[in-house]
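Small disclaimer: the values here were computed from a predicted structure and weren't measured.
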Amino acid sequence: MTNSNAQTFCRDICDLMDFYEKVTPERKSGVQKLLSEVLSYAHPDISIDASIEMRQKGNNSRVFPGYFISDTIKHANKKGGINKTFRGKVQITDEHIIPKKVVINHLFFLKKKNRLSDEAILFCAKLLSYTCLVTAEENRQLSKYKLVTTMPDGWSFPVDIDYDKSPDLKALDFFARYKKAGIKYCENVKDERLKVVGADENKKKNGGYTGFYK
């Protein structure tokens, strides 16, 4: 995004964070949800308008550079594809590798410590562009270990993060949840086309699973 767009975006995030701290407790969840959605719509490398347009087509966070898949899905693709649904239940989930709740809590931590900056906000927005496609069973594994919206005990953001640079995934122990839950993952495969069986016609038309994947 351009510098002016980035500055406007960061001011909007700051305004939402200020608003969150002022509203009554029963309204905080709604403001936090809005904050997480706004953060998820942005990426420092593309314009907000472009990311919104791609999301409206159904591509979700697969439009962004940081895209991963689990080994299970990788192997299923080699065997002819993976079912999107089974007996009416969705079998694949596209999830943030570091949960939105964790990233947002980090922003509020930085604000409390007077360390919140435009660079830090854009860094966190970029973190939320890293997603992984997992199976329903793998998602249940995350639930089993209570890691759907949290990171493992002992995990934290490094104190020496350079917010001017791209996220250092190794320094962040990026896949700590998957390691704890025993989920094997593949390296960034954003250019690979996956065959997803059973995607509905509407998704096909709007660039969803079968639109983005072959």
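- The shortest side-chain heavy-atom distance between Leu147 and Pro152 falls under the 4.5 Å cut-off.
- Using a 30° and 60° split on the angle between ring planes, Phe175 and Phe68 fall in the perpendicular class, above 60°.
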Exercise for the section: Give the C-alpha distance, both sets of side-chain angles, the deciding distance and a yes or no for side-chain contact (heavy atoms from CB on, under 4.5 Å) between Leu39 and Lys100. Expected result: CA-CA 9 Å; Leu39 273 170; Lys100 288 191 287 187; over 6 Å; no
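- Between Ile121 and Phe9 the shortest side-chain heavy-atom distance falls below 4.5 Å.
- A donor-acceptor pair under 3.5 Å links the side-chain atoms of Asn105 to the main chain of Lys101, judged by distance alone.
- Residues Thr149 and Val102 form no side-chain contact, since every pair of their non-hydrogen atoms from C-beta on lies 4.5 Å or further apart.
- In plain terms, the two heavy atoms of Ala171 and Pro158 that are nearest each other are O-CG, 3.4 Å.
- Contact detail for Leu142 and Ala181: the closest heavy-atom pair is CD2-CB, 3.9 Å.
- Annotation: the span from Thr93 atom OG1 to Glu137 atom CD amounts to 11.5 Å, rounded to 0.5 Å.
- Note on Glu21 versus Lys28: no salt bridge recorded, every NZ/NE/NH1/NH2 to OD/OE distance being 4.0 Å or above.
- We find the OH-CD1 distance between Tyr130 and Ile97 to be 9.0 Å, quoted to the nearest 0.5 Å.
- Looking at Thr131 and Glu95, their side chains never bring a donor and an acceptor atom within 3.5 Å of each other.
- The minimum heavy-atom distance linking Lys179 with Asp173 is given by the pair NZ-OD1, 3.0 Å.
- Glu26 and Thr24 are linked by a side-chain donor-acceptor pair at a separation below 3.5 angstrom, with hydrogens and angles left out of the test.
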Exercise for the section: Before giving the answer on side-chain contact (heavy atoms from CB on, under 4.5 Å), spell out for Leu127 and Leu172 the whole-Å C-alpha distance, their side-chain angles and the decisive distance to 0.1 Å. Expected result: CA-CA 10 Å; Leu127 278 184; Leu172 286 171; 3.6 Å; yes
Problem - side-chain contact (heavy atoms from CB on, under 4.5 Å) evaluation trace for Ile92 with Val134 - result: CA-CA 6 Å; Ile92 47 180; Val134 300; over 6 Å; no
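- Distance check, rounded to the nearest 0.5 Å: CG of Leu107 to OH of Tyr20 gives 12.5 Å.
- The line from CG of Leu34 to OG of Ser29 is 11.5 Å long, rounded to the nearest 0.5 Å.
- Remark: Asp18 CG is packed, more than 12 non-hydrogen atoms of other residues, nucleotides or ligands lying under 6.0 Å away.
- No side-chain donor-acceptor contact under 3.5 Å links Ser129 to the backbone of Ala125.
- Here the closest heavy-atom approach between residue Tyr178 and residue His96 is recorded as OH-O, 4.5 Å.
- When all heavy atoms of Glu138 and Ser70 are compared, the closest pair comes out as OE1-OG, 2.9 Å.
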Practice task
Might you work through the side-chain contact (heavy atoms from CB on, under 4.5 Å) test for Leu116 and Met17, ending with a clear yes or no?
Solution key: CA-CA 11 Å; Leu116 189 64; Met17 293 175 69; 3.9 Å; yes
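- Using a 4.5 Å heavy-atom threshold, the side chains of Arg177 and Tyr145 count as separate.
- Residue Gln7 comes nearest to Asp118 through the heavy atom pair CG-OD2, 4.2 Å, listed as atom of the first residue, atom of the second, then distance.
- The aromatic rings of Trp155 and Phe157 lie perpendicular to each other, with more than 60° between the two planes, well past the 30° mark.
- Atom CG of Asp71 and atom OH of Tyr185 lie 9.5 Å apart (nearest 0.5 Å).
- In this structure, the separation between CG on Asp168 and CD1 on Ile161 is 9.0 Å, given to the nearest 0.5 Å.
- Using cut-offs of 30° and 60° on the angle between ring planes, the pair His106 and Tyr163 is tilted.
- Looking only at side-chain heavy atoms (C-beta outward), Leu110 and Lys113 stay at 4.5 Å or farther from each other.
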